[in-house]
Amino acid sequence: MRTIIEPFKIKSVEPIYFTTREERIEILKEAHYNPFLIKAKDVIIDLLTDSGTSAMSSGQWAGMMLGDESYAGSNSFFHFENQVQKITGMKHVIPTHQGRAAEKILFSIIGGKGKYIVSNTLFDTTRANIEFSGAEGVDLLCEEGKQPSLVAPFKGNMDVKALENFILEKGAANIPLVIITVTNNSGGGQPVSMANLRMVKEICKQHQIPLFIDACRFAENCYFIQQRENGYKSKSILEIAQELFSYAEGCTMSAKKDAFANIGGFLAMQNEPLAMECRNLLIITEGFPTYGGLAGRDLEAIAIGLEEVMHQDYLKYRIRSIEYIGEKLEAAGVPFLKPTGGHAIYLDAKAFLPNIPPREYPGQALCAELYLEGGIRGVEIGSLMFGKYGADGQLIPNNMELVRLAVPRRVYTQSHIDYVAEVIIDVFKKREGIRGFRITYETPFLRHFTARFERVK
Ligand SMILES: *Cc1c(COP(=O)(O)O)cnc(C)c1O
């Protein structure tokens, strides 16, 4: 088999500044050991997130110049609306400045005290918006999804038995929404199968609970369905996406992911009264319903990106580039979440650094080490991001301690990726001496963004 090459050429480049290890020691200390507080110019390979970090195509840049900046009813809105409707089939399409703005609007309306929002796994901003409304977020991930080293095709699936039990226990009236995240970002970028979605839909229908999709990575999920699920080999990504959304009453999306845009998002739904309520809030918080906090040029870039992301050769390269890092790590014995998912490689920090207990944040320790070793920036997804404190003030750890290395779309080449694998493997060889961290400052919501740390003695 020949090398799967990047399906693009590079027209515009951005230089990388190479720091030395000595410089990085100081930089990390100044950032209080939190990768979010490191300046981007001091990062060699930035795998903090795949969100808003995509390289736009020449087509999208050309579209930016065509952006219609009219306040109401701009051409760019209709282009955007058409494209979202073509993929999702949703009647009402509401632009927002990013995914969490869509979540804020949706959960302010349907959330509230005593309510439960059930998911395969809620993303951190989604959970935060649910909890901020007073409702409780509930993750019911399938058993396979909880075992980092187990290879299974659809580890993002919801545990449908647990969903049924949960509905019976709490009562459908207290569950205003079930939301399925595709792919499951916090659970390793693992896909959800069409069969699972169909079963979830069936249960929701029986209990008259609307089903929504957190669609940030819908195209990557559809590619996995095409490759791994019976009956989808000869279907196009668009056809698969249309079926996927046909089971949902609505969706939220961050256009900073599978729309190759640097900013943007949307909320889409079938239900007219709900859409009217959402638009009312939109006008207060984001903007008029045909621009929702975005410029016309952003809507244009999103519309074009949503079309480009469904190209077969792009998705093949995209998923292969993640799998490729996985193969290199596997050969060196580095523990990571298997199989590799859609947008990131997730190092298993618990297995990587077994001597550091969860209360000393092994994921954060591994992030620090990757930066010191090779200027690579990743993010902890574990007890820092999702841990809670019990009544006794002790940390209740997350079930997994992961470090996510998210790969921006169309940004890095194969040699960048080779370098990343080399750095991880070097850190793995030196793992014995790595120490954990203690938090010195934190906030009540989304603490990982701003927390400060010191090394445990
Ligand atoms: C990024 C993301 C969000 C939030 O979107 P923003 O544009 O960052 O506000 C919600 N859900 C998932 C699964 C995401 O990956």
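Numbering of ligands and ligand atoms starts at 1, following listing order. Here, residue 1 is the first one in the sequence, and each next residue gets the next number.
- Residue Phe123 has no nitrogen or oxygen atom sitting less than 3.5 Å from a nitrogen or oxygen atom of ligand 1, judged on distance alone.
- For ligand 1, the atoms lying closer than 4.0 Å to a non-hydrogen atom of Lys257 are 1 (C), 2 (C), 3 (C), 5 (O), 14 (C), 15 (O).
- Taking the ring centroids of Tyr314 and Phe260, they lie under the 6.0 Å cut-off.
- Listed by atom number, the atoms of ligand 1 under 4.0 Å from Asp214 heavy atoms are 10 (C), 11 (N), 12 (C), 13 (C).
- Outside the 6.0 Å centre-distance limit, the rings of Phe453 and Tyr441 are not counted as a close aromatic pair.
- Close contacts between ligand 1 and Ser254 involve ligand atoms 5 (O), 6 (P), 7 (O) [criterion: under 4.0 Å to a heavy atom].
- Heavy-atom contacts of Thr181 reach the following atoms of ligand 1: 13 (C) (cutoff under 4.0 Å).
- Tyr232 and Glu243 form a side-chain donor-acceptor contact under 3.5 Å, judged by distance and modelled atom types alone.
- In terms of protein heavy atoms, atom 6 (P) of ligand 1 is closest to Gln98 NE2, 3.3 Å.
- Of the candidates Glu103, Arg217, Arg100, the one placing a heavy atom closest to atom 10 (C) of ligand 1 is Glu103.
- In summary, the aromatic rings of Tyr291 and Phe77 are positioned with their centroids too far apart to meet the 6.0 Å limit.
- Proximity to Thr125 (heavy-atom distance under 4.0 Å) selects the following atoms of ligand 1: 3 (C), 4 (C), 10 (C).
- Ligand 1 lies less than 4.0 angstrom from a heavy atom belonging to Cys216.
- Checked against the 6.0 Å centroid criterion, the rings of Phe288 and Tyr71 qualify as a close aromatic pair.
- In this structure, the ring of Phe154 has its center no less than 6.0 angstrom from the ring center of Phe224.
- Side-chain rings of Phe449 and Phe36 approach one another, their centers coming within less than 6.0 Å.
- Only the side chain of Lys256 comes within contact range of ligand 1, with a heavy atom under 4.0 Å; no backbone atom does.
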